[in-house]
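Residue numbering restarts at 1 for every chain, and letters A, B, ... go by the order of the sequence lines.
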Amino acid sequence: AQKVTQAQTEISVVEKEDVTLDCVYETRDTTYYLFWYKQPPSGELVFLIRRNSFDEQNEISGRYSWNFQKSTSSFNFTITASQVVDSAVYFCALSGTTSGSRLTFGEGTQLTVNP
Amino acid sequence: DAGVIQSPRHEVTEMGQEVTLRCKPISGHNSLFWYRQTMMRGLELLIYFNNNVPIDDSGMPEDRFSAKMPNASFSTLKIQPSEPRDSAVYFCASSSILGQGFNEQFFGPGTRLTVL
């Protein structure tokens, strides 16, 4: 069975603060993929990143960065210098070889960036 | 390029009525997924198709729900009869999956269903 845990239900920060969203996963697969999606107030789900289990290099994309650590089964997401437009629900998700193409989502973290 | 297209965007119906949700995946994608999102249960996969064939329908809540994919560019999710507890946002997503590859899924805008 697969499981994704996002322990932070809600986070509130002030603009320009850095914020890290935590994601911890469980899987018995040796090959698996991790994803982050953003769901802004408008409701659509926007793909942010995909990372496979063999690539532990951290990734940076503009103000976004991701820290993948297999030793702790974590795939954390950091937003640097947050902006009001970053306010959204962020979902971490997992798929593995035994689950086929099925994505297992975490519960989501509601991020509010205040001006 | 057009993303995943869903219709209708909003649907309000009365209990007992049939509801049909429609999805057009991204051209060239060979996998299609139907999800439901509620406050109580979060995002849950209902069913997914690969090359128009249903692969996993274990998430379909009950026999009132059915899904079809008659061709690579169209899928429907039908609820008959609908019940108030079916009220949710239903998302369709598509992906290009080759072998054991796991590409990202691209989501449509969703259909907000309200059953009175």
ILVMFWY cluster, B:Y48 and A:F47 together (side-chain gap under 4.5 Å)
yes
Between A:W36 and A:Y64, is there a shared hydrophobic cluster once you connect ILVMFWY residues whose side-chain heavy atoms come closer than 4.5 Å?
yes
Under 4.5 Å to a heavy atom of chain B? For A:I49 that would be neither
Validation row: A:R102, B:S58 side chains within 4.5 angstrom (heavy atoms)
yes
Check whether B:E44 gets within reach of chain A through its side chain, its backbone, both or neither, counting any heavy atom under 4.5 Å.
neither
Search all heavy atoms of A:E44 against all heavy atoms of B:F91 and return the closest pair with its distance.
CA-CE2, 4.5 Å
Please determine whether the number of non-hydrogen atoms from other residues, nucleotides or ligands lying under 6.0 Å from atom CZ of B:R41 exceeds 12.
no
A:F105 versus B:Q37: any side-chain heavy-atom pair under 4.5 Å?
no
Members besides B:L21 in its Ile/Leu/Val/Met/Phe/Trp/Tyr cluster (side-chain heavy atoms under 4.5 Å):
B:M15, B:V19, B:L32, B:W34, B:L46, B:I47, B:F49, B:M60, B:F65, B:M69, B:L77, B:I79, B:Y90, B:L113, B:V115
Are more than 12 heavy atoms from other residues, nucleotides or ligands located less than 6.0 Å from atom CD of A:Q83?
yes
Is B:Y35 close to A:L103 at the side-chain level, that is, under 4.5 Å between some pair of heavy atoms?
yes
